[in-house]
Undergrad: 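Encoded as structure tokens, here's the structure I'll be asking about.
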Amino acid sequence: MKIDFIPIDYGYFDFEGRNYAKIIGRDAKGKRVCLIDSCDVYFWAILKDKLSQKQIQKLQEKIEKIKVDVKGRKTKVEKTELHNKKFLGKDVKALKIFATNYKDLHDVADKLGMPEIEKRRGYDIGFISHYIIEKKFAPLYWYEVSGEILNAGEFGGIADINVDFCIKVNSINPIKKEIFSPKVLAFDIETDEFKIGEGEILMISLVSENFKKVITWKKNKEFPYVEYVKDEAELLEKFSEIIKQISPDFLTGYFSDGFDLPYLKARAEKNGVRLNLGLDGSQPKFSRGIMTTAKIDGIVHVDLLRFIQTAYSQYMQSETMSLNEVSNEFLGESKKKFEFKHSSKIEADEWENYFEYNLQDSILTFNLFNKIWADLLEFTRITQEPVFNVSRNGMSANVEDYIVHNLSKFNEIPEKRPTYDEIGERKRRGKYEGAFVFQPSPGIYENLGIFDFTSSYGSVIVTYNLSKSTLLEKPEKNAYSIDITGRKVYFSKEQGFFPEMLKDIIEKRRQYKGELKDKPDAIKKARSNAFKLLANASYGYLGFFGARYYCEEAAAATAAFARNAIKEIIEKIDKEKYKTIYSDTDSIAFLLNGKTREQAKQFLKKLNSQLPGIMELELEDFYKRGIWVTKRTGELGAKKKYALINYEDKLKIRGFETVRRNWCTLAREVQNKVLKLILEDGNEKKAMEYLKGIVKEVRERKIDLKKMTIRTQLTKPLDEYKAITPHVIAAKRMAEKEIPVDAGGLIEYYIAEAKQENKSKLIRDKVKLIDEEGEYDVDYYLKHQLLPAVENILQVFNVDANILVEKKKQTTLGEF
DNA sequence: GTTCGAGTCGTACC
DNA sequence: ACGGGTACGACTCGAAC
């Protein structure tokens with residue numbers, strides 16, 4: 001039997017002591033197919049130099065006698081082969097050691113304490129990754145697969161699962177085909193309590209293509225999309241039933257790893273109901289550890305929150321990752337409004353709203369999935385790991401997956417994961433010197449340009465061949481070398497596999513970015529973006545303590561070479577009679593100084609022709625005006641804080657309170673407006689008029705309390721705080737009121753007018769939660785929010801912002 | 001009791 | 001445990017007066 005097949009989910013099982021991969025996917029007709037396949041199971045023993053043929057042969061014989069018995073499972077070394085391999089770029093002789101069961105490789109490796117063996121590697125990859133690499137059978141690509149249909153009962157019943165058919169694989173061949181539309185089911189639950197399992201699950205909404213449903217046991221009127229069941233137990237059973245009936249490739253939720261699925265599990269246990277969601281009828285499996293993940297056999301459970309966090313959050317405007325904000329940004333759609341109450345307090349006529357609210361959450365989740373699908377697909381194809389992992393990976397893990405899946409091109413044996421002790425050691429190491437930030441002079445400037453390096457750190461790594469495998473132990477003449485805080489490090493000029501992989505990533509990024517410009521489409525955009533993120537994350541990967549190819553020297557050298565590169569450009573810019581105003585890491589803002597934009601573009605070409613390796617400088621934009629301000633303390637210009645306006649009158653504001661979420665809306669709006677007025681006109685006149693009006697409104701308490709709300713994140717559990725800041729006080733009060741406060745949650749509060757007897761100087765003593773009655777503290781908002789937000793901007797025009805509020809002092813005095 | 005620098009904390013930039 | 005370093009600025013804390 002021969003079919004076109006696209007692998008979606010990977011699992012594995014043991015049968016008669018051996019490992020089998022179980023791959024779920026679709027054929028060309030959309031039939032759901034399960035493949036069963038096996039592959040060689042082995043790891044590597046890297047041999048010491050200068051062993052004789054005879055010594056090696058003796059060693060092989062010894063190793064081939066190894067047997068282990070782990071928990072009743074008997075594994076033995078089946079055979080060994082001698083190979084010429086590479087390890088960290090160096091030629092090595094290594095024994096490929098084949099064993100019965102992948103799970104026992106570690107135990108087999110433990111028996112290889114022989115003096116002839118230098119290192120043991122390749123037993124910590126994970127069977128599924130190993131299988132994908134070994135069979136070159138990567139997820140979400142199309143293959144022609146041939147094999148035999150499996151009948152019920154074979155492989156101890158593993159083939160008896162809810163798919164159209166099951167095949168024992170004979171051969172796999174890649175074919176050219178791209179199109180794949182997965183079947184997606186989004187879901188969301190509503191409960192009486194936030195704490196996992198504490199309340200009842202009231203309803204579950206499910207949304208798929210042409211399918212919208214809310215199941216609930218809270219009987220109400222008939223609605224087309226609502227299906228009533230008897231009780232919570234039946235609700236859970238109905239949920240499983242619908243999943244089985246729709247049979248989606250992907251089950252998706254928002255924060256469903258952390259909330260919906262754990263909740264369902266807890267309630268299923270309480271009700272004595274099985275939550276048999278898997279294709280094999282199994283219940284979701286939850287991982288232990290800091291982040292729980294919920295895995296369903298044969299169906300890929302995607303928690304969108306996790307993926308959106310790693311793949312998009314750095315480019316997002318949203319200040320929280322709430323479903324509402326994220327949907328607003330990605331889809332232009334919002335959640336329905338519903339005021340939460342315990343179900344016992346919900347009136348009969350309010351239920352319809354609740355049902356709609358619940359349904360809308362699944363609709364948003366479903367639409368979000370479709371929005372991010374291209375990115376998830378491309379990340380999966382590029383890193384070649386199953387979607388389940390990719391959707392939960394951090395960027396470092398994506399980089400590492402990419403490396404591990406591409407090592408065979410370099411004949412490289414994989415490096416091991418760091419041990420617990422190694423991680424501790426790496427974490428204890430002090431910081432190395434990072435990026436260069438130019439000291440700006442405060443002022444307002446006209447006619448600016450900004451250049452920046454494309455994939456700056458990535459192209460430095462490639463250009464100077466920086467990596468663990470190219471780091472030289474001793475100084476060499478013909479090598480790249482650089483000072484990193486106190487010592488000099490050397491990197492070979494013979495290209496290493498890590499820089500070469502990265503070079504490929506950056507080239508592909510350029511290629512797809514170009515193609516995207518010519519003819520935009522979602523997949524190209526996603527591909528270009530995935531390569532960009534991968535390139536940008538590669539530097540972080542080098543310095544990440546959990547990385548297999550961690551190399552502090554390479555990370556420090558990357559930052560050092562990048563510092564030199566940008567400083568050189570700054571010099572050249574100034575030498576050419578432009579004037580550098582500011583620079584941070586990989587970008588430079590400069591004055592055109594009477595030169596035309598065309599001249600600046602020509603100059604950019606010249607700069608590029610002089611750059612080494614794959615380093616490339618590009619034009620970010622030209623700007624009509626820009627403002628840099630002083631720090632709050634001292635005369636110096638503040639770094640990472642500026643505002644620009646381009647020739648299309650578009651503002652680019654960085655670092656100012658305007659963009660900081662822990663400032664109240666009033667201060668942010670006012671500052672934004674002031675910056676806009678100043679940048680448009682080039683003077684402060686309109687801004688001053690505007691400000692006077694605002695100060696008056698604040699004083700007369702005409703500002704809506706909502707605009708005075710300060711939002712601050714609780715970054716750790718309440719009892720771990722050493723300093724009791726306003727937001728900690730607010731959080732404590734929330735806890736007292738039994739409002740859920742978790743690490744990671746946003747705490748909202750305002751500063752209220754103090755009572756007469758409260759003479760405390762501490763701001764935290766004036767904290768009120770947003771639903772607590774009170775009046776905002778005029779003095780605080782003027783002096784601690786409004787003034788700081790505009791003071792330094794006005795100072796650029798030699799205007800003392802205090803004159804705006806000083807009147808207040810006099811009137812206050814007058815009042816008393 | 002006030003002052004001031006150090007320390008804590010959150011958030012942003014790239 | 002689940003990318004890196006640089007930087008600003010608010011607020012509290014506690015030593016020094």
Undergrad: Do Glu748(A) and Thr709(A) meet the criterion of a side-chain donor-acceptor pair at a distance under 3.5 Å?
TA: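 Their side chains do not contain a donor-acceptor pair, so the 3.5 Å distance test is not met.
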
Undergrad: Which part of the nucleic acid does Arg764(A) contact within heavy-atom distance under 4.0 Å: base, sugar-phosphate only, or nothing?
TA: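 Since only primed, P, OP1 and OP2 atoms lie under 4.0 Å of Arg764(A), the category is sugar-phosphate.
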
Undergrad: Counting any heavy atom closer than 4.0 Å, what does Tyr582(A) reach on the DNA or RNA strands: base, sugar-phosphate only, or nothing?
TA: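 It contacts nothing in the nucleic acid.
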
Undergrad: Rounding to an integer number of Å, can you tell me how far Tyr432(A) OH sits from dG5(C) P?
TA: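 Nearest whole value for this atom pair: 5 Å.
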
Undergrad: Under 3.5 Å, is there a donor-acceptor pair linking the side chains of Glu433(A) and Thr485(A)?
TA: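 There is no such pair (donor and acceptor under 3.5 Å, judged by atom type) between the side chains of Glu433(A) and Thr485(A).
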
Undergrad: For residues Arg668(A) and Thr658(A), is any side-chain donor paired with an opposing acceptor at under 3.5 Å?
TA: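 Note: Arg668(A) and Thr658(A) side chains miss the donor-acceptor criterion.
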
Undergrad: Mind running a 4.0 Å heavy-atom check of residues 449-466 of chain A against DNA chain C and sending the residues that fall below it, in number order?
TA: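 None, since no heavy atom is under 4.0 Å.
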
Undergrad: After noting the C-alpha distance and the side-chain angles of Arg654(A) and Asp584(A), does the key distance pass the salt bridge (Lys or Arg N to Asp or Glu O under 4.0 Å) rule?
TA: CA-CA 12 Å; Arg654(A) 292 292 123 97; Asp584(A) 186 348; over 6 Å; no

Undergrad: Does Arg632(A) put a side-chain nitrogen or oxygen below 4.0 Å from OP1 or OP2 of dA7(C)?
TA: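 It does not, given that no N or O in the side chain of Arg632(A) lies less than 4.0 Å from OP1 or OP2 of dA7(C).
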
Undergrad: Any base atoms under 4.0 Å from Gly655(A), or only sugar-phosphate, or nothing? Heavy atoms, all strands.
TA: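 Here Gly655(A) touches the backbone only, sparing every base.
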
Undergrad: Are the aromatic ring centres of Tyr642(A) and Tyr623(A) under 6.0 angstrom apart?
TA: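 Ring-ring flag for Tyr642(A)/Tyr623(A): false, centres at least 6.0 Å apart.
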
Undergrad: Choosing from dG5(C), dA1(C), dT12(C), which nucleotide comes nearest the side chain of Tyr539(A)?
TA: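 Among the listed nucleotides, the one closest to the side chain of Tyr539(A) is dG5(C).
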
Undergrad: Rounded to the nearest Å, what distance is computed from the CG atom of residue Asn662(A) to the P atom of nucleotide dA10(C)?
TA: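 Asn662(A) atom CG is separated from dA10(C) atom P by 10 Å.
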
Undergrad: Where the side chain of Ile763(A) is defined as all heavy atoms beyond and including C-beta, which of dC11(C), dT8(B), dT11(B) is the nearest nucleotide?
TA: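 Per side-chain heavy atoms of Ile763(A), the pick is dC11(C).
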
Undergrad: For Ile573(A) and Phe451(A), what are the C-alpha separation, side-chain angles and deciding distance, and is it a side chain to side chain contact (heavy atoms under 4.5 Å, CB included)?
TA: CA-CA 10 Å; Ile573(A) 282 179; Phe451(A) 293 158; 4.2 Å; yes

Undergrad: Between P on dG3(C) and CD1 on Ile403(A), what's the gap in Å once rounded to a whole number?
TA: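 Rounded to the whole Å, the gap is 14 Å.
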
Undergrad: Which one, dT8(B), dT11(B), dT6(C), comes nearest to the side chain of Arg661(A)?
TA: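 Between dT8(B), dT11(B), dT6(C), the one nearest the side chain of Arg661(A) would be dT11(B).
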
Undergrad: Atom NZ of Lys640(A) to atom P of dA7(C): distance rounded to whole Å?
TA: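 Answer to the nearest Å: 7 Å.
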
Undergrad: Which is true for Leu542(A) with a 4.0 Å heavy-atom rule: it touches a base, it touches only sugar-phosphate, or it touches nothing?
TA: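 Here Leu542(A) touches no strand at all.
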
Undergrad: So, is Tyr642(A) near the phosphate of dA7(C), with a side-chain N or O under 4.0 Å from OP1 or OP2?
TA: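 Checking dA7(C) against Tyr642(A), no side-chain N or O comes under 4.0 Å of OP1 or OP2.
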
Undergrad: Please report the distance separating the P of dC2(C) from the corresponding atom of dG10(B), rounded so that it comes out in whole Å.
TA: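 Taking atom P in both dC2(C) and dG10(B), they lie 16 Å apart.
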
Undergrad: Closer than 4.0 Å, any side-chain N/O of Lys641(A) to the OP1 or OP2 of dC8(C)?
TA: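 Checking dC8(C) against Lys641(A), no side-chain N or O comes under 4.0 Å of OP1 or OP2.
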
Undergrad: Can you check the Phe545(A) CZ to dG4(C) C1' distance for me, whole Å?
TA: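 Between C1' of dG4(C) and CZ of Phe545(A): 11 Å.
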
Undergrad: With a non-hydrogen cut-off below 4.0 angstrom, is Gln314(A) in contact with a base, only sugar-phosphate, or nothing?
TA: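 No contact at all - Gln314(A) keeps every heavy atom at 4.0 Å or more from the nucleic acid.
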
Undergrad: Look at all strands and tell whether Arg660(A) reaches a base, only sugar-phosphate, or nothing, counting heavy atoms closer than 4.0 Å.
TA: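 Base contact - Arg660(A) has a heavy atom under 4.0 Å of at least one base atom.
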
Undergrad: Would you mind telling me which of dC14(B), dG3(C), dC13(C) lies closest to the side-chain atoms of Ile724(A)?
TA: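 Shortest atom-to-atom distance from the side chain points to dC13(C).
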
Undergrad: When you compare the side chains of Asn662(A) and Thr712(A), does any donor N or O come within less than 3.5 Å of an acceptor on the partner?
TA: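 There is no such pair (donor and acceptor under 3.5 Å, judged by atom type) between the side chains of Asn662(A) and Thr712(A).
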
Undergrad: Please determine, for the side chain of Val437(A), which listed nucleotide (dT6(C), dC8(C), dC2(C)) has the closest atom?
TA: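 In terms of side-chain proximity for Val437(A), the closest of dT6(C), dC8(C), dC2(C) is dT6(C).
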
Undergrad: Look at the side chain of Thr715(A) and decide which nucleotide, out of dT6(C), dC9(B), dG9(C), has an atom nearest to it.
TA: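 Nearest to the side-chain atoms of Thr715(A), counting from C-beta on, is dC9(B).
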
Undergrad: How would you label the contact of Ala555(A) with the nucleic acid (heavy atoms, under 4.0 Å): base, sugar-phosphate, or nothing?
TA: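 No contact.
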
Undergrad: Between atom CZ in Arg426(A) and atom P in dG5(C), what is the gap in whole Å?
TA: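 Taking atom P of dG5(C) as the reference, CZ of Arg426(A) is at 14 Å.
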
Undergrad: Please verify the inter-ring angle class for Tyr780(A) with His784(A); under 30° counts as parallel, over 60° as perpendicular, anything in between as tilted.
TA: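 Tyr780(A) vs His784(A) ring planes: parallel.
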
Undergrad: Below the 4.0 Å mark, does dC11(C) have OP1 or OP2 next to a side-chain nitrogen or oxygen of His727(A)?
TA: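 No, no such contact exists.
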
Undergrad: With sugar-phosphate meaning primed atoms plus P, OP1 and OP2, does Phe438(A) contact a base, only sugar-phosphate, or nothing at under 4.0 Å between heavy atoms?
TA: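 The answer is nothing, as Phe438(A) stays clear of every strand by at least 4.0 Å.
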
Undergrad: Contact class for Tyr721(A) vs. all strands (heavy atom < 4.0 Å): base, sugar-phosphate, or nothing?
TA: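 Sugar-phosphate, no base atom in range.
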
Undergrad: Using heavy atoms to find the nearest nucleotide of DNA chain C for Lys639(A) and Gly543(A) separately, return the residue whose nucleotide is more 5′.
TA: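 It is Gly543(A) whose nearest nucleotide is closer to the 5' end.
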
Undergrad: Which whole-number value in Å describes the distance from Glu553(A) CD to dG4(C) C1'?
TA: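 Distance check: Glu553(A) CD to dG4(C) C1' gives 15 Å.
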
Undergrad: Does any non-hydrogen side-chain atom of Arg548(A) lie less than 4.5 Å from one of Ile125(A)?
TA: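 When only atoms from C-beta onward are counted, Arg548(A) and Ile125(A) do touch, with a gap below 4.5 Å.
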
Undergrad: Have a look at Lys431(A) and say if it touches a base, only the backbone sugar-phosphate, or nothing, with a 4.0 Å heavy-atom cut-off.
TA: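 Here Lys431(A) touches the bases of the nucleic acid.
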
Undergrad: Categorize Arg548(A) for me: base, sugar-phosphate, or nothing, with a 4.0 angstrom heavy-atom threshold over every strand shown.
TA: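 The answer is nothing, as Arg548(A) stays clear of every strand by at least 4.0 Å.
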
Undergrad: Got a sec, which residues hit side chain to side chain donor-acceptor pair (under 3.5 Å) with Glu772(A), two or more places apart in sequence or on another chain?
TA: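 Per chain and number, Glu772(A) pairs via side chain to side chain donor-acceptor pair (under 3.5 Å) with Arg733(A), Lys737(A).
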
Undergrad: Once you round it to whole Å, what is the distance between C1' of dA1(C) and NZ of Lys716(A)?
TA: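 It is 18 Å, rounded to the nearest whole Å.
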
